[in-house]
Every structure is written in structure tokens, then in C-alpha cells.
Amino acid sequence: MGLYDRYLAARVRRHDADPPRQIAVVITERDLLEQGAYETLERFFDWAFDYGAERVTVYVSVLDSGAVPTLERELENVAAPRKTAVRGPGDTQRADAPIQVSIGLGGKHEFAEAVRAVAESVEDGSVAPDAVDESEIEEHLVFPTDPDLVIKTGAERLSDFMIWQSVYSELYFTDVNWRDFRRRDYLRAILDYKNRQRRFGR
């Protein structure tokens with residue numbers, strides 16, 4: 001760790017505010033084509049848990065659906081410090097693990113599938129219509145997490161990502177693309193988060 005990284009790390013650790021417990025990062029399939037991209041992801045996991053995260057979600061936006069099987073295989077084999085759950089575009093199985101990876105499973109599709117599942121429960125009589133609330137929908141989401149912090153590398157826009165779960169998340173956009181993302185960039189994101197006053201929509 002360089003001198004500047006040590007300086008940032010000391011500021012993060014001395015700061016009174018709590019660190020983000022649930023962190024999400026948004027990258028693209030093109031990011032993962034860059035040399036060293038998966039090694040960066042492995043380091044990112046280590047940084048996140050070293051600085052207080054309890055759950056990490058990675059969203060990989062996908063333009064070419066033909067790339068999904070390869071991405072799933074590669075991401076399932078990434079060395080990670082915690083149990084990992086990888087889900088693709090057609091998955092509905094809950095990803096309840098400390099590290100969650102979404103490959104092209106957009107928020108609109110995930111939400112629509114959750115609403116469909118709730119509707120089926122109402123139709124078969126297992127749930128009363130007036131019992132349907134936020135928690136009922138959340139029970140059917142693939143990613144049961146509300147990220148405190150969402151990091152997007154390289155561009156100030158988000159893709160179709162966790163539209164239900166991230167409604168009160170703090171957003172942080174980096175100046176660097178994923179291939180250049182370093183520990184200092186992560187520490188800057190955490191320090192920026194700690195300096196904010198969260199309003200949760202208020």
C-alpha cells in the first residue's frame with residue numbers, strides 16, 4: 001500500500017461515521033474483457049470486507065446475451081473471501097449470500113417477476129390481497145439487499161440495476177474505468193459516503 005493509500009485508509013478508519021454495510025458496484029461486460037479485470041474484482045471484495053462491508057453486490061450490465069454463459073463461468077470461479085451467489089438473466093432463485101453477482105438480470109425484470117409471483121400467491125389463496133405490502137414483494141426479489149452505497153465506474157449514469165432495492169442508496173461515480181480502479185478509488189468512495197448525511201428519501 002502506497003503512502004497516499006495509507007493516508008486515505010487512516011482517514012477512513014478514524015472517521016466517526018459508520019461504513020457502508022452493503023455495497024454494490026456496477027460494471028459492464030466490456031469492463032470484464034480488460035486485462036486484469038477479474039483480479040481487480042477479487043481485490044475489490046477484499047477491500048470491501050476489510051473496511052466493514054457485510055454484503056457486496058456486483059451488477060454486470062450485458063449487451064450481448066451470448067456472453068452470459070462465459071461470464072457466469074468466469075465469475076463463479078473468481079477467488080472470493082465469502083460465499084458467492086451468481087445469477088443470470090433468467091434466474092428467479094434468491095441470491096442470499098455475502099457476495100451476490102447479477103449478470104444482466106435487470107431491475108425491471110426482477111421486479112416484474114416478483115410482482116408476478118405475488119399475484120400467483122394471491123390467486124391460489126396463500127396470500128390475501130390486503131396483505132400484499134412492500135415486504136411481500138421483497139420476499140420474491142432475487143437480490144435481498146438494500147445497498148447503502150452504489151459505486152458506478154467510468155460514467156455518471158446507472159443501468160437497469162436493482163431499481164427497488166437501491167431507491168435510498170447513496171450513489172458514487174468514479175472518474176476511472178474498472179480496469180484502472182484501485183484501492184485509493186475505493187477508499188475515496190468510502191470516505192465520501194461517510195461524509196454524507198443520509199436522508200432515505202426525506
Side-chain angles (χ1 to χ4, degrees), residues 20 22-45 48 53 55-120 137-174 176-181 185-186 189:
Q22 301 189 69
I23 295 177
V25 62
V26 180
I27 57 179
T28 70
E29 63 177 293
R30 286 183 302 231
D31 289 325
L32 293 177
L33 294 175
E34 298 285 348
Q35 184 175 3
Y38 290 98
E39 288 80 3
T40 299
L41 189 58
E42 291 171 359
R43 290 193 295 270
F44 180 86
F45 291 147
R55 176 170 284 173
V56 178
T57 303
V58 179
Y59 177 71
V60 183
S61 62
V62 175
L63 294 177
D64 179 10
S65 59
V68 170
T70 300
L71 290 171
E72 287 180 332
R73 183 173 62 252
E74 293 293 332
L75 288 163
E76 284 171 351
N77 290 323
V78 165
R82 303 283 193 281
K83 182 180 178 183
T84 302
V86 178
R87 299 291 182 267
D91 288 328
T92 57
Q93 181 184 0
R94 200 167 174 85
D96 199 0
I99 297 175
Q100 307 170 346
V101 180
S102 170
I103 305 171
L105 176 53
K108 290 182 180 179
H109 177 76
E110 181 189 19
F111 180 68
E113 288 295 322
V115 170
R116 184 176 295 112
V118 172
E120 290 172 355
I137 291 174
E138 288 169 355
E139 281 295 315
H140 295 280
L141 293 172
V142 176
F143 297 100
T145 182
D146 298 319
D148 299 308
L149 174 65
V150 177
I151 299 172
K152 175 67 174 71
T153 60
E156 291 195 9
R157 64 180 184 276
L158 289 177
S159 50
D160 177 20
F161 168 72
M162 297 178 78
I163 57 174
W164 177 282
Q165 301 95 318
S166 64
V167 65
Y168 295 136
S169 301
E170 297 296 322
L171 307 180
Y172 182 85
F173 299 93
T174 73
V176 299
N177 292 321
W178 181 252
R179 67 174 178 267
D180 301 317
F181 195 82
D185 301 304
Y186 182 77

Which pair of heavy atoms, one from [X] and one from [Y], lies closest together, and at what distance?
| X | Y | value |
| --- | --- | --- |
| S169 | P147 | OG-O, 2.5 Å |
| I103 | P89 | O-CD, 3.2 Å |
| V56 | A53 | CG2-CB, 4.4 Å |
| L105 | G88 | CB-O, 3.6 Å |

Mind running side chain to side chain contact (heavy atoms under 4.5 Å, CB included) on Y168 and D146 for me, showing each step along the way? CA-CA 8 Å; Y168 295 136; D146 298 319; over 6 Å; no
At what distance, to the nearest 0.5 angstrom, does [atom1] of [X] lie from [atom2] of [Y]?
| X | Y | atom1 | atom2 | answer |
| --- | --- | --- | --- | --- |
| I23 | F44 | CD1 | CZ | 6.0 Å |
| Q22 | S166 | CD | OG | 12.0 Å |
| T145 | M162 | OG1 | CE | 5.0 Å |
| F111 | I163 | CZ | CD1 | 6.5 Å |
| L41 | L32 | CG | CG | 7.0 Å |
| I137 | W164 | CD1 | CH2 | 4.0 Å |

Report yes if the side chains of [X] and [Y] come closer than 4.5 Å at any heavy-atom pair, otherwise no.
| X | Y | result |
| --- | --- | --- |
| L63 | R30 | yes |
| T28 | W178 | no |
| L75 | V60 | yes |
| V150 | Y59 | no |

On the 0 to 90° scale, with breaks at 30° and 60°, tag the Y186-F181 ring pair as parallel, tilted or perpendicular.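 Judged by the thresholds at 30° and 60°, the geometry between Y186 and F181 is perpendicular.
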Could you note down all residue pairs passing side chain to side chain donor-acceptor pair (under 3.5 Å) where residues 73-89 supplies at least one of them, sequence neighbours left out? none
Can you pull the side chain to side chain donor-acceptor pair (under 3.5 Å) pairs that have at least one residue in residues 94-117, sequence neighbours excluded? R55-D96, T57-Q100, E110-Q165, E113-R116
Quick check against the 3.5 Å criterion: does D64 have a side-chain atom that pairs as donor or acceptor with the backbone of G66? yes
Donor-acceptor contact below 3.5 Å, side chain T174 vs main chain G154: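 A pair under 3.5 Å: yes.
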Residue of the set V176, T40, D180, D31 for which side chain to side chain contact (heavy atoms under 4.5 Å, CB included) holds with T153: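 In the set V176, T40, D180, D31, the residue that makes a side chain to side chain contact (heavy atoms under 4.5 Å, CB included) with T153 is D31.
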H140 and side chain to side chain contact (heavy atoms under 4.5 Å, CB included): which partner among V118, T92, V115?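 Only match with H140 under side chain to side chain contact (heavy atoms under 4.5 Å, CB included): V118.
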